[in-house]
Structures are given as structure tokens and as C-alpha cells.
Peer 1: 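My structure is below; once you've seen it, I'll send some questions.
We name chains A, B, ... by the order of the sequence lines, and we start the count at 1 in each one.
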Amino acid sequence: MIQSVRGTKDTLPSEISKWHFIEEKIREVTKTYGYKELRTPIFEKTEVFSRSIGENTDIVNKEMYTFTDKGGESVTLRPEQTAALIRSVVQNNLTHDISNLRLYYIGPYFRYERPQKGRLRQFHQFGAECISSPNPEADVEIILMANKLINRLGINQYTLEINSLGNDASRATFRKELTQYLNSHREKLSVESQNRLLTNPLRVLDSKDSNDRKVIENAPNILDSLDEESKKHFESVIKLLDTAKLDYKIEPNLVRGLDYYCHTVFEFKSNSLGAQDAFGGGGRYDKLIEQMGGKPTPAVGFAMGIERLILILDSIEDNVDLSDKTDIYVVCNDEKLFGVSLQITEKLREKNYKVVSDLNRRSFKSQMREADKFSSKFCIIVGDDEYSRNSVIVKNMQTSEQAEIAIDLLNTITFK
RNA sequence: GCGGAUGUAGCUCAGCAGGUAGAGUACCAGAUUGUGGCUCUGGUUGUCGCGGGUUCGAGCCCCGUCAUUCGCCCCA
């Protein structure tokens with residue numbers, strides 16, 4: 001037996017209705033916000049990601065699926081969408097004739113990591129990007145849209161954490177201050193954090209190590225070192241969220257791992273996910289487009305993990321009814337009638353009913369049992385007796401009522 | 001990349017002093033010859049993850065490997 005590759009998963013027919021449900025909600029919600037889908041290739045030139053996400057991030061230096069193609073070019077299976085999407089926006093000049101470019105995406109992404117609950121090597125994300133606006137309204141639009149989707153999916157138990165990393169200038173100031181503080185407690189930090197102190201000190205704030213946490217408790221607060229511009233932006237975002245009556249928690253230690261973020265960053269967290277408790281997150285990235293060769297253009301966006309959404313949906317007791325009932329199961333009591341039954345089945349499908357019948361020539365009783373197993377609302381019994389009168393029996397499986405109906409009249413009946 | 005746990009019928013699991021496997025469920029068939037869901041009866045299913053070793057003999061012991069899972073790292 002050949003097994004699927006580690007960290008990859010089949011989505012079986014029994015699971016697929018959840019995916020369809022989520023996809024449907026995504027299309028529904030993004031549409032109401034005026035977002036359009038953009039699809040990019042599954043793989044890109046490696047530099048698309050290495051340049052944008054940050055050389056010092058784990059994603060780039062240890063998690064990318066990178067290989068050299070036959071032409072000698074280094075290509076990478078996309079580990080996330082934002083960088084590739086921006087590449088496409090710049091390449092196709094999409095900002096040229098529109099004041100606000102609103103885009104969403106959904107698809108598979110790849111990271112070479114040790115699989116864990118809610119973490120696969122091929123996983124799926126949905127996300128959206130609002131491009132061109134430097135204003136807090138854009139941040140809030142993105143957060144509200146993400147939040148709306150979560151609610152439409154029937155998820156109520158979660159928290160929204162929000163923070164501001166400030167602009168380049170204020171972040172540089174804070175970085176200096178923080179590095180100084182952390183250096184003075186260097187020996188108390190974990191090995192990982194000592195390393196991060198050199199590569200990306202802000203991320204020490206994110207550490208789960210209990211000793212690190214003690215040091216972090218008294219660390220300088222990033223919100224205190226925001227400059228006027230950054231402070232004003234963050235305060236407006238908060239005010240707009242209040243107006244929208246959205247619950248959030250300001251979390252000064254929330255630092256996202258990708259280098260391109262500035263100003264607003266946020267995460268949606270759930271307690272039904274284990275250690276990987278974030279199921280969505282995002283932030284503002286005002287410098288990325290310029291960095292990717294476009295004209296300086298501010299933007300903000302978010303991404304959500306679909307596998308993680310499914311884990312949350314599974315943990316909800318009375319979640320949405322996704323059962324998939326068959327409208328009509330056609331049964332017959334004689335081998336000679338399987339042909340007739342097929343004809344009737346086909347005619348009903350013409351009217352868009354979901355109709356199924358037995359293909360194994362099994363006994364009448366077995367067919368009835370299967371009609372039940374498929375949760376059929378109706379079954380049509382093609383019996384030799386009735387057939388001799390050009391009719392069949394229509395049985396309502398919920399009420400057990402049945403009646404003999406002329407075959408010619410079947411298309412006048414509503415099977416609902 | 002690092003640490004812990006696990007891997008037996010489709011699914012959930014039992015098997016224990018090492019002697020060539022069992023339960024529930026699911027599935028299939030039947031219960032006076034044309035009617036499902038409940039009940040009853042009968043039946044099918046496994047290279048006991050894979051490879052090697054120890055042993056007269058291994059699902060059970062040892063080594064390796066693959067996979068899953070829970071953490072770390074990081075992120076969705």
C-alpha cells in the first residue's frame with residue numbers, strides 16, 4: 001500500500017460537506033464586502049518569498065519546499081499567499097485604475113514542518129487583502145470581514161487580540177529599547193530566545209517559555225514607544241472597533257512572525273485548537289509592495305487556516321446541519337425492472353432531484369434498507385404488479401405514507 | 001530540527017507468564033414467498049504499520065523504519 005506523504009491528507013467524501021460549507025460562506029461574505037478572488041500559481045520563484053517574508057523567519061529558513069527545476073531555477077511551493085499575491089498585483093499593474101483594490105484568495109499552501117494538531121505540510125488558507133488605503137478604516141474593514149465570516153460559520157467562542165507594531169521609526173526605537181532590556185537579562189532567557197534576541201528581538205515577546213515570560217513581564221511595552229503617527233493610527237482602529245461593537249483584547253506582546261508587518265497586527269484565537277491556538281491573523285504591510293518592485297502602496301490583510309476552522313466547527317456541539325439527504329431512492333422488486341427503474345431515475349434527475357438506486361441487483365429488502373441509510377425523503381417502488389398498470393408506488397419515508405401513481409404523472413409531483 | 005506517547009478487522013478498542021487473534025460497531029444475508037428505521041438470528045472481514053533480530057515459537061521482547069498524535073520551535 002502506498003501512503004500519502006507525511007503531513008498531507010485526503011479530504012474524504014464524508015468530510016467534504018464541511019469544506020463546501022466553509023467555501024460557500026467565504027464567497028458569500030467576501031462578496032458583500034466587494035472583494036474579488038485572485039488566483040496565483042501554486043509555486044513561484046523562490047525570491048518572491050525569501051525577499052518578502054524575511055530571511056530570518058522560520059518560514060524562509062527552514063520551512064519552505066524549495067527545489068531547483070530542470071532549467072536550474074530555484075522555485076518554491078507557496079508557504080503563504082500575501083507575497084505571491086503582491087507579486088501578481090505588481091506584475092499585472094492591478095492598482096493602476098482603482099482606488100481600493102480588494103482581493104481574496106483560497107487554496108493550498110505548503111510548509112515543511114513537523115505535523116501536529118491543526119498543522120499540516122499541505123494546508124489550506126483563505127484570506128483577503130485590502131490594497132491602497134493607509135487609513136484605519138481599511139484595517140477595520142479587514143478585521144470586520146474576518147470576524148463576520150467566523151460568525152457566519154457559527155463560531156462564537158474565540159478572542160480577537162490586537163496590537164500595533166508602529167511605523168518603521170517607532171519600531172526601530174522600541175527595538176533598541178527592548179534589545180537593551182533583554183540583554184540585561186540575557187542569562188535568564190531560553191536558548192531560543194537568546195538566538196532570537198540577535199535575529200528578531202521582537203519575537204522574544206511571543207515566547208511560551210515560562211522563564212522567558214517572567215523576563216517579558218517587565219519588558220518595555222511597544223505601545224508606549226509608538227510615535228504620534230503610529231499612536232493616532234492605532235487609536236483610530238480601536239475607536240472604530242468600539243463603534244462596530246467588536247470585542248477585542250489589546251495584547252502588547254502580540255508579534256507576528258513575518259517581517260513585512262507594521263502598525264496594526266491581530267490574531268483570532270480559539271481554545272479548541274491545542275497549542276496552535278490561532279486560527280486567523282493578519283496585519284498591515286505598508287512597505288511590502290514597494291519592496292516587491294511596485295509603487296509605494298499601503299495595504300492590510302489577513303489569513304485564516306481552513307483546517308483549523310474545521311477543528312473548531314467539529315468541537316461545536318450543535319453545529320450546522322450538513323447532512324446530505326437523498327431526495328428519492330428508486331427501488332424495484334424484479335431483475336427485469338432494473339432497466340425501467342433506471343429510466344425513471346434519469347427522468348427525475350432531469351428535474352434536479354438527487355436520485356439514487358441500487359446498482360448491485362440486490363434484494364428488495366436490501367434496497368429498502370439502503371433507501372433508509374441514504375436518509376432518502378422518498379422512495380419510489382417499481383413493482384411488477386404496478387408496472388403492469390404503468391404505475392409505481394411513491395412512498396414518503398418519514399411518514400411511511402404511500403400511494404400508487406401513474407408513471408406519466410411522476411413529473412408533476414414535488415418531492416420535497 | 002528536538003522530546004513524549006501510539007500503530008491489532010472499515011471504525012473504537014481488548015488481547016498481556018511470548019504458543020500462530022477477539023468484542024462492540026459497521027457491513028452482508030435472513031426472520032411465512034413485495035416495503036426501511038426498532039428487535040432477533042446467522043455470516044464476511046485482518047500479511048496484529050513495515051523490515052530485521054532473539055526464541056522451538058512473537059501482536060506481545062530487542063533494533064531499525066514509516067506513519068499518527070501531544071508538546072517545543074514557528075505559524076494558519
Peer 1: Whole angstrom is fine here: how far is it from CG in A/Asp385 over to P in B/rG34?
Peer 2: 11 Å
Peer 1: Does A/Glu307 reach a base, just sugar-phosphate, or nothing at all? Heavy atoms under 4.0 Å.
Peer 2: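 The answer is nothing, as A/Glu307 stays clear of every strand by at least 4.0 Å.
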Peer 1: Taking atom P in both B/rC63 and B/rG3, what distance in whole Å separates the two?
Peer 2: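 Per the computed distance, 15 Å lies between those P atoms.
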Peer 1: Under 4.0 Å, counting only non-hydrogen atoms across every strand here, what does A/Asp334 touch: a base, just sugar-phosphate, or nothing?
Peer 2: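 Touches nothing.
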Peer 1: Indicate yes or no: does A/Glu346 engage A/Arg349 in a salt bridge with an N to O separation below 4.0 Å.
Peer 2: yes
Peer 1: Quickly work out the A/Glu192 CD to B/rG1 P distance and round it to whole Å.
Peer 2: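 Whole-Å distance recorded here is 16 Å.
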Peer 1: So that I can tick it off, tell me whether A/Arg256 and A/Asp206 are bridged by a salt bridge, with the cut-off set at under 4.0 angstrom between side-chain N and carboxylate O.
Peer 2: no
Peer 1: How far, in whole Å, is B/rG64 from B/rU25 if one measures between their P atoms?
Peer 2: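 After rounding to an integer number of Å, I get 41 Å for this pair.
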Peer 1: Taking the side chain as C-beta and beyond, is there a heavy-atom pair between A/Glu192 and A/Asp209 under 4.5 Å?
Peer 2: no
Peer 1: Could you check A/Tyr65 against A/Tyr109 for ring pair (Phe, Tyr, Trp, His ring centres under 6.0 Å), going step by step and ending with a plain yes or no?
Peer 2: CA-CA 10 Å; A/Tyr65 269 94; A/Tyr109 299 87; over 10 Å; no
Peer 1: Within this structure, what is the CD-to-C1' distance between A/Gln122 and B/rA76, rounded to whole angstrom?
Peer 2: 14 Å
Peer 1: Looking at the side chain of A/Asp206, which of B/rC72, B/rC75, B/rA76 is the nearest nucleotide?
Peer 2: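 Of the options given, the side chain of A/Asp206 lies nearest B/rC75.
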Peer 1: For A/Ile380, which of A/Val355, A/Leu348, A/Ile405 qualifies under side chain to side chain contact (heavy atoms under 4.5 Å, CB included)?
Peer 2: A/Leu348
Peer 1: Can you measure A/Asp277 atom CG to B/rG71 atom C1' for me and round it to whole angstrom units?
Peer 2: 13 Å
Peer 1: Between the base of B/rC73 and the side chain of A/Arg203, is one N or O donor paired with an acceptor at under 3.5 angstrom?
Peer 2: no
Peer 1: Identify the stems formed by RNA chain B, where each pair is Watson-Crick or G-U wobble with both distances under 3.5 angstrom and a stem is at least 3 consecutive pairs.
Peer 2: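 Paired runs of 3+ in RNA chain B: B:1-7 with B:66-72, B:10-13 with B:22-25, B:27-31 with B:39-43, B:49-53 with B:61-65.
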Peer 1: Between the base of B/rA76 and the side chain of A/Glu113, is there a donor and acceptor pair under 3.5 angstrom?
Peer 2: yes
Peer 1: To the nearest Å, how far apart are A/Met64 CE and B/rC75 P?
Peer 2: 14 Å
Peer 1: Is there a side-chain polar atom (N or O) of A/Arg114 under 4.0 Å from OP1 or OP2 of B/rC72?
Peer 2: no
Peer 1: Take atom C1' in B/rU68 and the same atom in B/rG53, then report the distance between them in whole Å.
Peer 2: 25 Å
Peer 1: Nearest of B/rC70, B/rU35, B/rU69 to any side-chain atom of A/Gln116?
Peer 2: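 From the listed options, B/rC70 comes nearest.
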Peer 1: Just call it for A/Leu273: base, sugar-phosphate, or nothing, with non-hydrogen atoms closer than 4.0 Å on any strand.
Peer 2: nothing
Peer 1: Rounded to whole Å, please give me the gap between CG in A/Asp10 and C1' in B/rG10.
Peer 2: 15 Å
Peer 1: With heavy atoms under 4.0 Å as the rule, sort A/Glu267 into base, sugar-phosphate or nothing.
Peer 2: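 The residue A/Glu267 makes no contact with any strand.
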Peer 1: What about A/Glu386: does its side chain form a donor-acceptor pair under 3.5 Å with the base of B/rG34?
Peer 2: yes
Peer 1: What's the closest nucleotide to the side chain of A/Ile393 if the choices are B/rU68, B/rG34, B/rC75?
Peer 2: B/rG34
Peer 1: With rounding to whole Å, what would you report as the distance between B/rG59 and B/rA21 at their C1' atoms?
Peer 2: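 Looking at atom C1' only, B/rG59 and B/rA21 are 8 Å apart.
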Peer 1: Suppose you measure atom P in B/rU33 against the same atom in B/rU47; what distance do you get, rounded to whole Å?
Peer 2: 41 Å
Peer 1: Rounding to an integer number of Å, can you tell me how far A/Asp209 CG sits from B/rG71 C1'?
Peer 2: 13 Å
Peer 1: Quick one: what's the B/S/- string for nucleotides 24-30 of chain B, heavy-atom cutoff under 4.0 Å, read 5' to 3'?
Peer 2: ---SSSB
Peer 1: Would you measure the distance from the P atom in B/rG1 across to the matching atom in B/rU8 and give it in whole Å?
Peer 2: 25 Å
Peer 1: Among A/Lys31, A/Arg27, A/Lys36, which residue satisfies the side chain to side chain donor-acceptor pair (under 3.5 Å) criterion with A/Tyr104?
Peer 2: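 Testing each of A/Lys31, A/Arg27, A/Lys36 against A/Tyr104, the sole residue satisfying side chain to side chain donor-acceptor pair (under 3.5 Å) is A/Arg27.
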Peer 1: Of A/Lys117 and A/Gly281, whose closest RNA chain B nucleotide lies nearer the 5' terminus?
Peer 2: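 In this pair, the answer is A/Lys117.
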Peer 1: Answer yes or no: is there an ion pair linking A/Glu350 with A/Lys347, defined by an N-O contact shorter than 4.0 Å?
Peer 2: no
Peer 1: B/rU55 and B/rG18: how far apart are their C1' atoms, nearest whole angstrom?
Peer 2: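 After rounding to an integer number of Å, I get 9 Å for this pair.
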Peer 1: By a 5.5 angstrom centroid cut-off and a 30 degree plane limit, is there stacking between A/Phe123 and B/rA76?
Peer 2: yes
Peer 1: Could you list all the ring pair (Phe, Tyr, Trp, His ring centres under 6.0 Å) pairs where at least one residue sits in residues 131-156 of chain A, not counting sequence neighbours?
Peer 2: none
Peer 1: Relative to the 5' end of RNA chain B, which residue comes earlier, A/Arg111 or A/Met368, by the nucleotide with the nearest heavy atom?
Peer 2: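 Here A/Met368 is the residue nearer the 5' end.
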Peer 1: A/Asn253 pairs by side chain to side chain contact (heavy atoms under 4.5 Å, CB included) with which of A/Val204, A/Ile222, A/Leu205?
Peer 2: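 When A/Val204, A/Ile222, A/Leu205 are each tested with A/Asn253, the side chain to side chain contact (heavy atoms under 4.5 Å, CB included) holds only for A/Leu205.
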Peer 1: Ignoring the backbone of A/Pro115, work out which of B/rU69, B/rG34, B/rA76 is nearest its side chain.
Peer 2: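 Closest nucleotide to the A/Pro115 side chain: B/rU69.
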Peer 1: Pick the C1' atom in B/rG49 and in B/rA9, then give their distance to the nearest Å.
Peer 2: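 14 Å, rounded to whole Å.
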Peer 1: Mind checking if A/Gly118 touches a base, just sugar-phosphate, or nothing, with heavy atoms under 4.0 Å?
Peer 2: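 The residue A/Gly118 makes base contact.
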Peer 1: Contact class for A/Ala278 (heavy atom, under 4.0 Å): base, sugar-phosphate, or nothing?
Peer 2: sugar-phosphate
Peer 1: I'd like to know if A/Arg389 pairs up with A/Glu404 as an ion pair, taking the criterion as any Lys NZ or Arg NE/NH1/NH2 lying under 4.0 Å from an Asp or Glu carboxylate oxygen.
Peer 2: yes
Peer 1: Please confirm whether the ring centroid of A/Tyr105 lies under 6.0 Å from the ring centroid of A/Tyr35.
Peer 2: no
Peer 1: I'd like to know if A/Glu217 and A/Lys214 make a salt bridge, using a cut-off of under 4.0 Å between side-chain N and carboxylate O.
Peer 2: no
Peer 1: Considering every strand and a 4.0 Å limit on heavy-atom distances, what is the contact class for A/Gly7: base, sugar-phosphate, or nothing?
Peer 2: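 Contact class for A/Gly7: sugar-phosphate only.
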Peer 1: In this structure, how many angstroms lie between the C1' atom of B/rG71 and the CZ atom of A/Arg119, rounded?
Peer 2: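 About 10 Å, once rounded to whole Å.
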